[in-house]
Every structure is written in C-alpha cells, then in structure tokens.
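Counting starts at 1 for both ligands and their atoms, following the listed order.
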Amino acid sequence: MSAEKKVCLSASKLAKIFGFGSHKTVAVDYVDFNFYEGEVVSIVGESGSGKTTLAKMLLGLINPTEGDIYFQGKKRDISSHRKKKEYWKNIQAIFQDPFSSYNIFNKIDSVLLDCIRMRGGGNFPQAKKVEMMTDACSFVNLKFAELTNKYPFELSGGQMQRLMIARIFLLKPKILLADEPTSMIDACSRATILDYLMKLRDETGMTTIFITHDIGLAYYVSDSVYIMEHGKIVESGPAEDVILRPKAAYTQRLINDVPKIYEEWDLSTV
Ligand SMILES: Nc1ncnc2c1ncn2[C@@H]1O[C@H](COP(=O)(O)OP(=O)(O)O)[C@@H](O)[C@H]1O
Ligand SMILES: [Mg+2]
C-alpha cells in the first residue's frame, strides 16, 4: 500500500470472547488491521470464522472484549448515545438478510426520509427531498414514485437490497460494511447488487468492507483481502497476491473449494 494512502479504520489486538470457561468461544482472536480510505477490503472465511462478530464490533453494535478500534487515526469513542450517532454518520452497513434490516412498520419513503434527516436535511423543502429520494432510487434502478407508499416487505429480496444501497447513496458514509449482502438473493440480482456496490464506491470514494465466504467474489471486487480462520487473520494483502499466490494452507483450501468457473475466469482476467 502506498505511503500517501490514509488509514480509515484500524484495529489493534481486537478480540471478542463469548461465554466463559469450557463454554468459551473466541469469535475474534486478537486481530490487527489497517483499512485504507477508498479501498475495497474483503474479509473472507468460512461460516463461523468470526466475520459477523468482527463486523458488529466495527459498527459499534457489540463491545470488544479486548483491544481498540481507531477511526481516521483516533481511538473511536462511542461511549454516549450522541457519540454513537455521530459515528454512524461515518459507517453504515448492509446485511445478509434484507428483511431484518428494515423496521416493518416504516414505509419506503420514511426509510429514505430518515437518511436525509440523518444527513441534516430534515428542513429541506418537500420538493428537494422528493428529488433526492428519486435520485437515490434511480441510482439503483428503482422508481421512487412507484415505491413511495409501499412497505419494504412488499419488495423482492433483490429490490430490498437495492433499496439498502439507495439508503447508502443518501447517507454517504465514509465506510460501508457489507456483510454477505448477496448470499440470500438469486444469482441474477447478486451480480446487479455487486455492480451497484462498486458503482457506489467509485462515485463516493468510500471505504468498502465486503464480508464473504466466497473467495472468488473477493478476488472480483477487492483491492485488499483478509483471510479469517477460527477468529484469526491467517493471511492478508493485495487481492492478487493473496488469491493468486496464497501462502496459508487455509487460503489454498478456500481457493480449491471454488467452483471451476472462477478458475477459468481468473485466468482470463489476470
Ligand atoms: N452472541 C453470541 N453468543 C455466543 N457465541 C456467538 C455469538 N455470536 C457468534 N458466536 C459464535 O462466534 C463464532 C463466530 O460467529 P460469526 O461471527 O457469526 O461467524 P461468521 O459470520 O464468520 O459466520 C461462532 O462460533 C459463533 O457460534
Ligand atoms: Mg456471518
């Protein structure tokens, strides 16, 4: 990574331990990392390797057992509700299950209006708000006028994930954390969602942390890759180095498990 790149989010000796004694699970096992501004970082590992636990700590949804998180070089302080809300202007997430991400009683326009409010646009004239919501929806090829009176659960899984991206478009956080955002939608919508995520990154320059069990996908989208096994980061570096010249046996195994189609694709894109 070149010297002039700024570190956006980092952690030192970050750990999360659930339970006690013989029921203890070290979900995240004293990890260190530096994520740089504007880069797409993938965190790759099998189910149970600690990815979501790490994501929740980065988001401030659960407290680390040990270690520190730094945002833009300063130790993160989310000790009060107000500080947490400030932090969430900078980091936002898209989760695996789009159904769980919405309050079922909120219609789509109120979901989007909340984003405008969070960005300080609560007092904008109605016409301006409608224009912003229309733009955000058209960014992901949704028609705001057709959605305005609907509830999120009236949309398909793919449409809901696109709406999540429209939210991010309005919120413009410095960091987007996407935890397996395509694993519960069909293959066709999956490619579309990835394209929108990459388009969003290109337009906003935000740091994108992409969490996946699919190392082929990580190769396709990322600048840097972190490989997680049983809570530990076993290998990290530029995506090409890690995936084309893996050192850790675990990374090699993940690559061997990838369906053949990726191998052919890798060769044609390198
Ligand atoms: N709230 C919790 N209480 C106890 N154990 C948990 C909790 N959340 C996760 N774990 C355990 O931590 C480990 C990592 O889980 P998780 O972070 O969800 O992995 P991943 O997202 O990579 O599938 C697993 O062994 C899981 O059972
Ligand atoms: Mg998970």
Checklist entry - Which protein non-hydrogen atom lies closest to atom 25 (O) of ligand 1, naming both residue and atom, and how far is it? => result Thr25 CG2, 3.7 Å
Next on the checklist: Heavy-atom contact check, 4.0 Å cutoff: does Gly45 meet ligand 1?
Outcome noted: no
Next on the checklist: My question is simple, although I want it checked carefully: is atom 4 (C) of ligand 1 less than 4.0 angstrom from any protein heavy atom?
Outcome noted: yes
Item to check | Under 2.8 Å: N/O/S of Ser47 next to the Mg ion (ligand 2) | outcome: no
Next on the checklist: I'd like to check which ligand 1 atoms, numbered from 1 as shown, lie under 4.0 Å from a non-hydrogen atom of Ser47.
Outcome noted: 23 (O)
Item to check | Nearest non-hydrogen protein atom, atom 18 (O) of ligand 1 | outcome: Thr52 CB, 3.8 Å
Next on the checklist: Does atom CZ (Arg245) have a neighbourhood of more than 12 heavy atoms from anything else shown, all under 6.0 Å?
Outcome noted: yes
Item to check | Mode of Glu46 contact toward ligand 1 - side chain, backbone, both, neither (heavy atoms, under 4.0 Å) | outcome: backbone
Next on the checklist: Suppose I only count heavy atoms of Thr53 and a 4.0 Å limit; which atoms of ligand 1 are within that range?
Outcome noted: 9 (C), 15 (O), 16 (P), 17 (O)
Next on the checklist: To check your reading of the model: name the closest protein heavy atom to atom 9 (C) of ligand 1, its residue, and the distance in Å.
Outcome noted: Phe18 CE1, 3.5 Å
Checklist entry - Does Glu46 reach the side chain of Tyr250, with side-chain heavy atoms less than 4.5 Å apart? => result yes
Checklist entry - Any idea which of Gly50, Gly19, Gly48, Ala27 brings a heavy atom closest to atom 23 (O) of ligand 1? => result Gly48
Checklist entry - Side-chain contact, heavy-atom cut-off 4.5 Å: Glu229 with Glu235? => result no
Checklist entry - With a cut-off of 6.0 Å (strictly less than), are more than 12 heavy atoms of other residues, nucleotides or ligands near CG of Asp202? => result yes
Item to check | Heavy-atom side-chain contact between Trp88 and Leu171 under 4.5 Å | outcome: no
Next on the checklist: Does Lys172 qualify as a cation-pi partner of Phe169, given the criterion of NZ or CZ under 6.0 Å from the six-membered ring centre and within 45 degrees of its axis?
Outcome noted: yes
Checklist entry - Hey, does Leu217 have a side-chain heavy atom less than 4.5 Å from the side chain of Thr182? => result yes
